[in-house]
Amino acid sequence: QVQLVESGGGLVQAGGSLRLSCSASGNIVSIRTMGWYRQAPGKQREFVASITSSSSTDYVDSVNGRFTISRDVAKNTVYLQMNSLKPEDRAIYYCNAKVWVGVEEYDYWGQGTPANVSS
């Protein structure tokens, strides 16, 4: 079992920045990849960014160059630095951890933190 707790969401004007944090606890040695997803009102949850245990990163095209995912291994925490925010970035942001047990992959989710971007 893995527990994820997000923080750092809030209200910001377009062009501003937010930094999201996700702290992991539990069976963290089994985590292979951590990432961020978001869900805007009336839309499906979508991938935003991910970072592997070897620190390889991936981003959805719409945030490339504006968002940066990073991790602090000592603190078991993953961050999402969001700069140059746009109104279309407004969503609930969810932390995700992918855990492999044998040949099975399991997804764990945080409770979500809101990012409200005003125009």
Side-chain angles (χ1 to χ4, degrees):
Q1 290 287 333
V2 172
Q3 294 79 44
L4 304 172
V5 178
E6 303 106 330
S7 62
L11 174 63
V12 66
Q13 287 188 331
S17 298
L18 285 173
R19 188 193 194 205
L20 307 183
S21 300
C22 173
S23 296
S25 60
N27 189 15
I28 58 175
V29 294
S30 62
I31 297 175
R32 298 296 180 90
T33 300
M34 292 191 70
W36 292 92
Y37 289 69
R38 65 186 180 187
Q39 188 166 17
K43 295 187 177 181
Q44 290 188 331
R45 191 174 297 189
E46 66 168 352
F47 168 80
V48 176
S50 65
I51 185 166
T52 68
S53 55
S54 59
S55 297
S56 293
T57 59
D58 191 19
Y59 299 92
V60 67
D61 286 347
S62 60
V63 308
N64 220 346
R66 299 188 297 123
F67 291 11
T68 302
I69 189 170
S70 61
R71 62 191 297 167
D72 185 328
V73 176
K75 295 183 178 179
N76 303 318
T77 299
V78 172
Y79 304 97
L80 185 67
Q81 178 67 42
M82 306 189 295
N83 297 329
S84 302
L85 282 161
K86 303 176 181 180
E88 51 263 43
D89 294 319
R90 176 177 175 259
I92 305 294
Y93 284 73
Y94 296 90
C95 183
N96 169 265
K98 296 191 182 297
V99 171
W100 282 89
V101 180
V103 297
E104 298 281 342
E105 183 182 86
Y106 297 88
D107 279 300
Y108 292 89
W109 298 93
Q111 79 285 357
T113 186
N116 292 304
V117 184
S118 62
S119 56

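Heads up: numbering here begins at 1 and tracks the sequence. What you see is a predicted model, and the numbers here were worked out from it, not measured in a lab.
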Distance (rounded to the nearest 0.5 Å) between [X] [atom1] and [Y] [atom2]:
X: Met34; Y: Tyr79; atom1: CE; atom2: OH; answer: 11.0 Å
X: Asn116; Y: Ile92; atom1: CG; atom2: CD1; answer: 7.0 Å
X: Gln3; Y: Asn27; atom1: CD; atom2: CG; answer: 9.5 Å
X: Gln39; Y: Glu46; atom1: CD; atom2: CD; answer: 9.5 Å
X: Ser50; Y: Trp36; atom1: OG; atom2: CH2; answer: 13.0 Å
X: Asn76; Y: Ile31; atom1: CG; atom2: CD1; answer: 7.5 Å

> Which residue pairs pass the salt bridge (charged side-chain N to carboxylate O under 4.0 Å, His left out) test with at least one member in residues 12-32, sequence neighbours excluded?
Replying inline: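 For residues 12-32, and leaving out neighbouring residues, there are no salt bridge (charged side-chain N to carboxylate O under 4.0 Å, His left out) pairs at all.
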
Of all heavy-atom pairs between [X] and [Y], which one has the smallest distance, and what is that distance?
X: Tyr94; Y: Gly112; answer: CD2-CA, 3.6 Å
X: Ser17; Y: Gln81; answer: CB-NE2, 3.9 Å
X: Leu18; Y: Ala115; answer: CD1-CB, 3.9 Å
X: Ala14; Y: Ser119; answer: CB-CA, 4.3 Å
X: Leu4; Y: Ala24; answer: CD2-CB, 3.7 Å

Cluster check [X], [Y]: I/L/V/M/F/W/Y, side chain < 4.5 angstrom:
X: Leu20; Y: Leu11; answer: no
X: Val5; Y: Ile51; answer: no
X: Val101; Y: Val2; answer: yes

Check whether [X] reaches the backbone of [Y] with its side chain - one donor and one acceptor, N or O, closer than 3.5 Å.
X: Arg90; Y: Pro41; answer: no
X: Tyr93; Y: Gly8; answer: no
X: Glu6; Y: Gln111; answer: yes

> Do Val12 and Met82 have side chains that get closer than 4.5 Å, going by heavy atoms?
Replying inline: no

> Considering residues at least two apart in sequence or located in another chain, which fulfil the salt bridge (charged side-chain N to carboxylate O under 4.0 Å, His left out) criterion with Asp72?
Replying inline: none

> What's the verdict on side chain to side chain contact (heavy atoms under 4.5 Å, CB included) for Arg71 and Ser55, showing C-alpha distance, side-chain angles and the deciding distance?
Replying inline: CA-CA 8 Å; Arg71 62 191 297 167; Ser55 297; 4.2 Å; yes

Below 3.5 Å, can you tabulate the donor-acceptor pairs from side chains in residues 102-109 to any protein atom, sequence neighbours excluded?
residue: Glu105; atom: OE2; partner: Trp100; partner atom: NE1; Å: 3.2
residue: Asp107; atom: OD1; partner: Asn96; partner atom: ND2; Å: 3.0
residue: Asp107; atom: OD1; partner: Lys98; partner atom: NZ; Å: 2.7

>> Could you walk me through whether Arg38 and Val63 satisfy the side chain to side chain contact (heavy atoms under 4.5 Å, CB included) test, starting with their C-alpha distance in whole Å, then the side-chain angles of each, then the deciding distance to 0.1 Å, before giving a yes or no?
In response: CA-CA 12 Å; Arg38 65 186 180 187; Val63 308; 4.0 Å; yes

